[in-house]
Amino acid sequence: MRALTSAIALFCLFISFGTVAQTKQTILVMGDSLSAEYGLARGTGWVKLLEEQLQKQGSPWTVFNASISGETSSGGLSRLPKLLEQKKPGIVFLELGGNDALRGLSIQESERNLRKMIALSKQSGAKVLLFGMQIPPNYGQDYAKQFKDIYTKLSQQENVELLPFFLNGVASDLSLFQADRIHPNEKAQSILFKNVWGAMAPYQILLKSN
């Protein structure tokens with residue numbers, strides 16, 4: 001009986017190691033136009049700044065940017081399984097939800113989609129950083145608050161890291177936006193990068209590992 005118990009424990013350990021071994025030193029960015037360099041010169045967005053920072057500190061980690069302008073949480077959810085299978089990321093950034101609000105998607109559906117994306121990422125062996133988003137109060141104060149609260153709720157319930165507000169330091173400054181007053185300009189990208197980098201503090205030891 002003791003031998004059987006030991007064998008089962010060893011098997012579970014093997015499965016655990018196997019899951020870890022299958023993940024790569026890749027950060028997968030699942031975002032919308034805010035991460036897809038909408039209206040910017042190629043290579044000037046915050047994701048590129050993140051890549052450069054990782055290279056600068058000699059990190060073996062790479063970044064795969066799967067962001068698409070106009071992406072919703074439902075679109076991200078439909079694309080995620082294939083990307084997890086192909087890229088086998090060690091960390092997944094979820095920067096989605098803003099377009100859900102613009103298109104009038106229900107709070108419940110946005111939350112459900114993001115929760116499923118978190119679950120799929122964790123099941124694949126990846127850690128998750130959830131990007132908190134907010135919408136202007138002209139959408140209705142109740143809706144705006146419920147939308148903002150989605151991210152805190154998911155972070156706490158699913159035990160994942162949270163960047164409280166991705167556009168912190170940018171949202172209130174019109175000089176940091178393009179002419180459409182929706183998309184951050186090139187000057188804002190360094191602020192967005194700093195917001196993300198600060199939220200990545202729990203992963204710094206991991207990012208330095210070979």
Side-chain angles (χ1 to χ4, degrees), residues 27-40 44-50 53 63 65-73 75-77 91-115 117-118 121 127-178 180-204:
I27 297 172
L28 173 64
V29 182
M30 297 293 295
D32 50 33
S33 56
L34 300 180
S35 300
E37 295 187 329
Y38 177 89
L40 303 174
T44 60
W46 73 265
V47 177
K48 183 62 177 178
L49 297 178
L50 172 60
Q53 178 63 34
V63 183
N65 192 357
S67 303
I68 298 176
S69 293
E71 186 68 292
T72 60
S73 62
L77 176 59
I91 302 173
V92 175
F93 287 175
L94 296 181
E95 182 272 299
L96 290 171
N99 287 317
D100 292 12
L102 294 176
R103 299 185 185 191
L105 204 67
S106 72
I107 294 291
Q108 292 74 21
E109 188 171 351
S110 296
E111 181 182 327
R112 184 164 55 249
N113 291 337
L114 289 169
R115 192 183 298 277
M117 293 183 76
I118 291 171
S121 299
K127 297 182 181 299
V128 176
L129 175 59
L130 182 63
F131 287 40
M133 303 299 293
Q134 297 178 26
I135 55 174
N138 59 299
Y139 282 82
Q141 289 191 347
D142 286 344
Y143 182 84
K145 183 181 185 304
Q146 289 177 39
F147 182 82
K148 175 184 176 182
D149 290 346
I150 288 176
Y151 299 91
T152 303
K153 178 180 178 182
L154 287 173
S155 171
Q156 293 173 347
Q157 292 182 349
E158 301 299 329
N159 193 29
V160 296
E161 297 297 332
L162 173 69
L163 167 52
F165 183 32
F166 179 38
L167 294 178
N168 186 43
V170 174
S172 59
D173 188 345
L174 285 179
S175 72
L176 296 175
F177 284 85
Q178 299 176 38
D180 61 9
R181 296 190 176 186
I182 296 175
H183 297 94
N185 57 28
E186 187 172 331
K187 185 180 176 183
Q189 300 307 305
S190 60
I191 301 175
L192 297 179
F193 159 69
K194 287 177 183 176
N195 290 342
V196 175
W197 190 249
M200 291 174 66
Y203 302 140
Q204 287 304 319

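Position 1 is the first residue of the sequence; numbering continues from there. What's counted below: heavy atoms across the whole structure, side chains too, no hydrogens, waters or symmetry copies.
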Open item on the list: Ignoring hydrogens, what is the shortest heavy-atom contact between T72 and N99? Give both atom names and the distance.
Closed with: CG2-CB, 4.1 Å

TODO: Can you see which heavy atom on F147 is nearest to which on G98, and at what distance?
DONE: CZ-N, 4.0 Å

TODO: For E37 and G45, indicate whether the former's side chain and the latter's backbone hold a donor-acceptor pair under 3.5 Å.
DONE: yes

Open item on the list: I'd like to check F131 versus L94 (side-chain heavy atoms, cut-off strictly below 4.5 Å). Are they in contact?
Closed with: no

Task: Test item: V47 and S67 side chains (from C-beta on) under 4.5 Å apart, heavy atoms - done: no

Task: Heavy-atom side-chain contact between L50 and F93 under 4.5 Å - done: yes

TODO: Write down the atom of D32, the atom of E71, and the distance for their closest heavy-atom approach.
DONE: CB-O, 3.8 Å

- [ ] Please report the shortest heavy-atom distance between L167 and P184, naming the atom on each side.
- [x] CD2-CG, 4.0 Å

Show me the donor-acceptor pairs within less than 3.5 Å that the side chains of residues 195-204 make with the rest of the protein, sequence neighbours left out.
| residue | atom | partner | partner atom | Å |
| --- | --- | --- | --- | --- |
| N195 | ND2 | F166 | O | 3.0 |
| N195 | ND2 | N168 | O | 2.9 |
| Y203 | OH | V128 | O | 2.9 |

- [ ] Find out whether L154 and V160 are in side-chain contact, i.e. whether some heavy atom of one side chain is under 4.5 Å from a heavy atom of the other.
- [x] no

TODO: Inspect the contact between K127 and E161 and indicate whether a charged nitrogen and a carboxylate oxygen are less than 4.0 angstrom apart.
DONE: no

Open item on the list: Any non-hydrogen side-chain atom of V63 less than 4.5 Å from a side-chain atom of V29?
Closed with: yes

Task: Euclidean distance, L114 CG relative to M133 CE, rounded to 0.5 Å - done: 10.5 Å

Task: Point-to-point distance, once rounded to the nearest 0.5 Å, from CG of L77 to CD1 of I118 - done: 11.5 Å

Open item on the list: What I'd like to find out is whether the side chain of I91 reaches to under 4.5 Å of the side chain of L28, using heavy atoms alone.
Closed with: no

For residues 135-144, dump all side-chain donor-acceptor pairs below 3.5 Å to protein atoms at least two apart in sequence or in another chain.
| residue | atom | partner | partner atom | Å |
| --- | --- | --- | --- | --- |
| Y143 | OH | L105 | O | 3.1 |

- [ ] Please step through side chain to side chain contact (heavy atoms under 4.5 Å, CB included) for the pair Q134 and K145, ending with a clear verdict.
- [x] CA-CA 8 Å; Q134 297 178 26; K145 183 181 185 304; over 6 Å; no

TODO: Please report the shortest heavy-atom distance between M30 and G76, naming the atom on each side.
DONE: CE-O, 3.6 Å

Open item on the list: Counting C-beta onward and ignoring hydrogens, is there a side-chain heavy-atom pair between E158 and R115 closer than 4.5 Å?
Closed with: yes

TODO: Verify whether one side chain among S73 and D100 offers a donor that lies under 3.5 Å from an acceptor in the other.
DONE: yes

Task: Exercise: identify the closest heavy-atom pair between E186 and L40 - done: N-CD2, 3.4 Å

Open item on the list: Nearest 0.5 angstrom please: L102 CG to I182 CD1, how far?
Closed with: 7.0 Å

Open item on the list: For W46, is there any backbone N or O sitting under 3.5 Å from a side-chain donor or acceptor partner on Q189?
Closed with: yes

Open item on the list: Given 3.5 Å as the limit, does a donor-acceptor pair link the side chain of S155 with the main chain of Y151, or not?
Closed with: no

